[in-house]
Amino acid sequence: MQERYDFKSIEPKWQKKWEELKLYEVDDFSEKPKYYCLEMFPYPSGKLHMGHVRNYSIGDVVARYKRMRGYDVLHPMGWDAFGLPAENAAIKHGNIHPADWTWDNIANMRRQLKELGISYDWRREVATCHPEYYRWTQWLFLQFYKKGLAYKKKAPVNWCPGCQTVLANEQVVDGECERCHSRVEKKELEQWFFKITAYAERLLQDIKKLHGWPEKVKIMQENWIGRSEGAEITFKIKGHEEAISVFTTRPDTIFGVTYMVLAPEHPLVEKISRGTSQEQAVLEFKRKMMYLSEIERTAETAEKEGVFTGAFAINPFTGEEIPILIANYVLVEYGTGAVMGVPAHDQRDFLFAKKYNLPIKVVIVPPGEELKAEKLTEAYTGEGILVNSGEFTGLANKEAIRIITREAEKRGFGKYRVNYRLRDWLISRQRYWGAPIPVVYCEKCGIVPVPEDQLPVVLPYNVEFRPTGESPLKYVPEFLNTTCPECGGPATRETDTMDTFICSSWYYYRYTSPRDTEQPWSKEKVERWLPVDQYIGGVEHAILHLLYSRFFTKVLYDLGLVHVDEPFTNLLTQGMVLKDGAKMSKSRGNVVSPEEIVEKYGADTARLFILFAAPPERDLEWSDQGVEGSFRFLNRVWRLIYQTKDRISDELREFSAKDKELNRLLNATIKKVTEDIEERFNFNTAISAIMELVNGLYQYKEGEINPGLLKEALNKLVILLAPFAPHIAEELWEALGNKQSVHLEKWPVYDEKALITEEVEIVIQVNGKVKDRVMVPRNAEEATLKEIALNTPKIKELTADKKIIKVIVVPEKLINIVVAG
RNA sequence: GCGGGUGUGGCGGAACUGGCAGACGCGCUGGACUUAGGAUCCAGUGGGUAACCGUGGGGGUUCAAGUCCCUCCACCCGCACCA
């Protein structure tokens with residue numbers, strides 16, 4: 001053993017050995033229980049950043065720990081390898097192909113991961129851009145298509161001018177593209193969708209099953225799905241055949257409707273205003289709204305604005321004629337794109353009615369109170385009793401919701417309806433670097449899916465990248481022109497590619513069967529491994545990736561392809577890595593590169609620091625001094641073993657008091673570290689417990705030692721350290737004379753008896769304040785304890801002239817003497 | 001506005017079901033070893049001379065509150081004219 005801790009030679013040495021020993025290659029089938037530990041696979045941007053290091057260090061502790069607890073651990077890694085940056089790099093630099101760029105990046109990041117010593121089963125590596133992977137992405141698309149879950153429609157979609165492609169709703173954040181932050185525009189385009197709305201209810205209901213998910217993520221998904229219950233009610237339009245349906249959660253307020261509002265894009269707007277004096281005004285308003293972006297139109301500060309259409313609707317309950325308006329605050333995408341205006345009981349309607357002098361009619365009052373329309377300063381949205389509501393007057397409004405809906409249904413102009421905020425998932429992208437959508441267009445046969453035996457539809461290599469707003473594949477005749485699989489006639493291929501979130505919605509199944517050429521995965525293997533026991537990644541995927549993956553799993557479940565209907569049992573969302581209080585970013589110039597840290601201190605130090613500096617879910621403030629501290633600690637462990645290894649042996653002498661204390665500390669540490677990993681993922685406190693053990697051992701090694709005990713303590717220390725700092729643990733394990741890898745060791749079990757000491761210190765309080773402390777025998781009687789406490793010199797003095805009201809005894813903890821005067 | 005989270009020394013952070021606030025680490029101070037120390041080892045380190053005071057502020061429950069209840073404040077994240 002060298003005197004110096006030389007991570008530069010230790011780390012590569014063990015990485016090589018682990019690979020030779022196939023230490024992390026896991027059997028698909030064995031007698032052991034299984035554990036699937038998964039970290040979100042990265043986009044191969046080129047280099048690892050600290051967020052990655054954190055993510056994979058956390059996962060590696062879990063994987064290594066579970067292995068030592070006797071599990072077969074599936075711990076794989078791969079690449080979410082399709083996507084825009086590759087194509088943008090090609091456009092920017094001109095001479096590099098997205099595929100080459102991506103594969104180079106993968107090679108580099110794989111090397112970095114290996115240098116970190118993460119215990120992956122590299123045989124299972126997948127890359128979504130590999131034809132043998134996206135072949136199955138396309139195959140899955142076809143299964144969705146067959147089930148009627150993939151369809152094409154013309155719709156107003158989100159267009160990102162920066163990325164020159166459409167985006168899913170989930171990818172639009174504050175009206176901006178989540179990737180490049182361009183302002184998203186609305187475009188009317190024919191696009192492919194996945195019918196995620198068909199699963200809205202199940203996606204919502206099954207959130208209840210996700211006991212191992214953070215509350216926060218569950219709430220975010222719930223909000224995103226946005227279920228609301230209400231009624232759809234149809235209003236006739238005076239002088240027209242057509243009718244307009246509105247969705248409302250408050251059918252109980254139907255008698256208070258004084259106007260109706262349509263979204264400017266509502267399909268009937270032009271028709272009903274045609275020929276009225278309002279025709280010009282309406283067209284102008286529409287034009288103005290089109291010109292404004294989504295954000296400008298719907299910003300909180302935006303005034304409610306509207307214009308009369310010249311047409312009137314008829315309230316089906318009252319027969320009243322009410323004006324139809326169009327307004328900026330009504331969204332065509334939500335509900336039916338039309339709302340009934342009830343200014344007395346909806347704050348938005350109230351503001352709008354006040355502005356345009358529309359009538360206000362009170363139909364609900366708080367029990368025992370009165371409301372005057374003229375005196376309202378805001379809408380009354382609370383519960384109450386119906387007034388001015390014909391036959392329904394006098395009902396409690398909650399009840400009225402049901403009764404009125406039922407009545408509308410009976411009379412044929414309404415029905416109960418559940419409405420969701422969730423929209424169908426727009427999956428086509430007008431870009432090259434993605435999985436081609438496997439359909440062809442035939443003049444005779446229309447849309448024809450590519451037969452499964454012709455998959456994959458391979459991306460052509462020679463393509464010119466021009467950000468034109470159209471897929472570059474359009475200009476590749478060899479790709480574009482094909483024959484119809486049905487009639488054999490001339491046909492053209494779909495040139496759009498799939499949203500990369502599709503590729504990442506099923507990769508965790510592929511890991512079970514990464515090289516299967518017959519099927520996307522072996523059902524048997526999926527049954528062994530799934531669900532994922534622990535999933536770890538950033539909270540930024542709370543909606544996108546995690547919702548899509550749940551959706552995929554439910555579809556696959558319905559198709560009989562998998563046996564689980566939720567993919568991830570436990571989810572850990574790790575916090576961000578910050579520097580100077582802000583997220584690391586190039587523009588801020590506060591980036592710390594993992595490469596530098598590993599170079600300077602080694603992978604073990606980098607990992608240890610990241611795990612020690614904060615609990616996993618919390619944000620982590622980077623500290624160069626903290627890294628120094630972790631490095632120092634590893635050196636301290638090194639020296640401890642260097643200095644003591646020649647004094648240990650199998651000779652276990654009878655325990656002295658000092659030995660007992662060390663033994664107690666050792667077992668307490670095992671207990672603490674085990675519980676911290678197992679129950680809470682509190683790696684920071686697990687590591688601090690190991691530090692305390694090391695401190696204790698430094699004390700212990702001075703003077704008389706028990707060679708057998710010291711040997712045991714050092715060995716167990718190294719095992720406890722192994723999940724956190726696997727290389728140095730391995731080297732020290734060897735130095736202690738062990739032959740087999742430390743990572744094959746069983747996790748130590750603590751001895752409950754060793755934790756029990758003969759004497760315990762108890763605190764003596766007077767009126768709840770600590771005044772003294774004494775050592776007492778562990779099992780002392782309450783009366784004895786009282787006796788001792790009241791008679792220590794200090795307490796005697798303090799209570800001499802006071803009246804003792806009562807004495808509270810908490811065994812093995814404290815005694816509180818309550819006094820008066 | 002709604003929903004969620006956080007608030008503890010100079011700093012990162014500990015504190016299980018209410019029971020010694022500040023574990024562990026960083027930083028700082030002192031000492032030892034040393035040609036030297038920015039290495040290492042040892043000791044000290046919330047504030048205050050003290051009684052005491054201290055977990056964002058105020059109130060409450062309790063023998064006892066960082067922990068429970070009420071109320072207010074600050075910051076962070078998500079959603080946001082969703083009918």
Side-chain angles (χ1 to χ4, degrees), chain A residues 4 173-174 214-224 226-228 230 246-250 253 261 263 297-304 327-331 333-342 346-349 351-352 419-422 539-540 542-543 575-576 581 608-609 612-615 617-630 632-633 635-636 639 643 672 675 679-680 682 684-695 698-699 702 761-773 805-819:
Chain A
R4 228 182 87 249
V173 177
D174 291 332
E215 212 51 38
K216 174 185 163 138
V217 173
K218 291 195 274 188
I219 288 165
M220 281 167 78
Q221 291 212 356
E222 238 172 77
N223 292 341
W224 188 261
R227 181 185 202 270
S228 52
V246 298
F247 173 71
T248 177
T249 55
R250 296 292 305 273
T253 63
V261 198
R297 207 180 111 182
T298 59
E300 188 186 2
T301 46
E303 264 288 296
K304 295 196 189 339
N328 58 350
Y329 76 95
V330 177
L331 309 170
E333 307 93 40
Y334 187 78
T336 61
V339 302
M340 59 188 213
V342 188
D346 181 288
Q347 186 59 18
R348 291 156 306 180
D349 295 345
L351 293 173
F352 190 71
N419 196 59
Y420 300 93
R421 206 186 77 112
L422 182 72
V539 74
E540 65 275 15
I543 292 170
M576 284 189 296
L608 192 77
F609 167 70
F612 178 64
E617 329 78 62
R618 267 216 245 174
D619 287 348
L620 181 153
E621 175 68 27
W622 186 266
S623 154
D624 290 332
Q625 284 170 334
V627 179
E628 288 277 355
S630 293
R632 213 145 51 201
F633 170 68
N635 276 286
R636 193 166 149 83
R639 277 191 306 273
Q643 289 166 13
K672 172 84 177 143
E675 288 172 356
E679 285 159 30
R680 294 180 289 272
N682 281 354
N684 54 333
T685 49
I687 293 167
S688 73
I690 298 174
M691 288 172 168
E692 286 180 83
L693 175 59
V694 171
N695 291 345
Y698 263 85
Q699 301 273 331
E702 298 308 314
E761 187 187 62
I762 63 164
V763 163
I764 308 170
Q765 298 180 330
V766 175
N767 285 346
K769 291 188 179 130
V770 182
K771 295 294 179 186
D772 204 358
R773 43 193 80 212
I805 295 166
K806 66 172 153 176
V807 180
I808 284 141
V809 180
V810 183
E812 290 175 31
K813 284 225 172 82
L814 60 71
I815 292 167
N816 188 11
I817 302 158
V818 187
V819 298

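Quick note on labels: first sequence line is chain A, next is B, and so on, each numbered from 1.
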For atom [atom1], what is the distance between [N] and [M], given to the nearest Å?
N	M	atom1	answer
B/C53	B/G66	P	13 Å
B/C24	B/C41	P	15 Å
B/G58	B/A50	C1'	29 Å
B/U8	B/A14	C1'	10 Å
B/A15	B/G7	P	11 Å
B/C28	B/C73	C1'	33 Å
B/U55	B/G3	P	28 Å
B/G57	B/A65	P	15 Å

In this structure, how many angstroms lie between the [atom2] atom of [N] and the [atom1] atom of [X], rounded?
X	N	atom1	atom2	value
A/Arg250	B/C82	CZ	C1'	15 Å
A/Glu675	B/U17	CD	P	12 Å
A/Ile817	B/C63	CD1	P	16 Å
A/Phe609	B/G13	CZ	C1'	11 Å
A/Glu628	B/G25	CD	P	16 Å
A/Asp772	B/C20	CG	P	16 Å
A/Tyr698	B/A43	OH	P	13 Å
A/Ile219	B/C77	CD1	P	17 Å

Which of the following nucleotides, [options], is nearest to the side chain of [X]?
X	options	result
A/Val339	B/C41, B/C20, B/A83	B/A83
A/Val330	B/C16, B/A21, B/A83	B/A83
A/Arg632	B/U40, B/A83, B/G13	B/U40
A/Arg348	B/C20, B/G19, B/C82	B/C82
A/Ile808	B/G19, B/A83, B/U40	B/G19
A/Glu692	B/C63, B/C24, B/C26	B/C24

Within the 4.0 Å heavy-atom criterion, would you say [X] contacts the bases, only the backbone, or no part of the nucleic acid?
X	answer
A/Arg773	base
A/Gln699	sugar-phosphate
A/Gly335	nothing
A/Ser623	nothing
A/Phe352	nothing
A/Asp349	nothing
A/Gln765	base
A/Lys771	sugar-phosphate
A/Val810	base
A/Asn419	nothing

Give a yes or no answer on whether the side chain of [X] reaches the backbone of [Y] with a donor-acceptor pair at less than 3.5 Å.
X	Y	value
A/Asp619	A/Met576	yes
A/Asn682	A/Pro615	no
A/Asn816	A/Gly768	yes

Indicate whether OP1 or OP2 belonging to [N] is found under 4.0 Å from a side-chain N or O atom of [X].
X	N	answer
A/Lys216	B/G5	no
A/Thr685	B/A23	no
A/Asn695	B/G25	yes
A/Lys218	B/G4	no
A/Tyr329	B/A83	no
A/Arg680	B/A14	no
A/Asn684	B/A14	yes
A/Arg636	B/A39	no
A/Arg618	B/A14	yes
A/Arg421	B/A80	yes

Who does [N] pair with, Watson-Crick or G-U, both distances under 3.5 Å?
N	value
B/G44	B/C28
B/G1	B/C79
B/G18	none

Completion exercise
Closest to the 5' end of RNA chain B, once A/Asn682 and A/Thr249 are matched to their nearest nucleotides, is A/Asn682
Fill in the blank from the handout: On RNA chain B, more 5' by nearest nucleotide between A/Phe247 and A/Gly626 is A/Gly626
Problem - CA sep, side-chain torsions, deciding dist, call: A/Ile808, A/Ile815, side chain to side chain contact (heavy atoms under 4.5 Å, CB included) - result: CA-CA 6 Å; A/Ile808 284 141; A/Ile815 292 167; over 6 Å; no
Handout entry: Worked check of side chain to side chain contact (heavy atoms under 4.5 Å, CB included) between A/Asp346 and A/Arg250
Key = CA-CA 9 Å; A/Asp346 181 288; A/Arg250 296 292 305 273; over 6 Å; no
Problem - A/Arg348 to A/Tyr329, cation-pi by 6.0 Å centre distance and 45° axis angle - result: no
Exercise for the section: Using the side chain to side chain contact (heavy atoms under 4.5 Å, CB included) rule, take A/Phe609 and A/Leu620 through it: C-alpha gap first, then chi angles, then the decisive distance, then the call. Expected result: CA-CA 10 Å; A/Phe609 167 70; A/Leu620 181 153; 4.2 Å; yes
Problem - base_contact_polar (B/C63 base, A/Asn816 side chain, donor-acceptor, <3.5 Å) - result: yes
Practice task
Report yes or no: do A/Asn223 and A/Arg421 form a side-chain donor-acceptor pair below 3.5 Å?
Solution key: no
Practice task
With rounding to the nearest 0.5 Å, note down the distance linking CD1 in A/Ile762 to CG in A/Asp772.
Solution key: 10.0 Å
Fill in the blank from the handout: Relative to its sugar, using the 90° cut-off around 0, the base of B/G9 is syn
Exercise for the section: Compare every heavy atom of A/Tyr698 with every heavy atom of A/Arg636, then report the nearest pair and how far apart it is. Expected result: O-OH, 2.8 Å
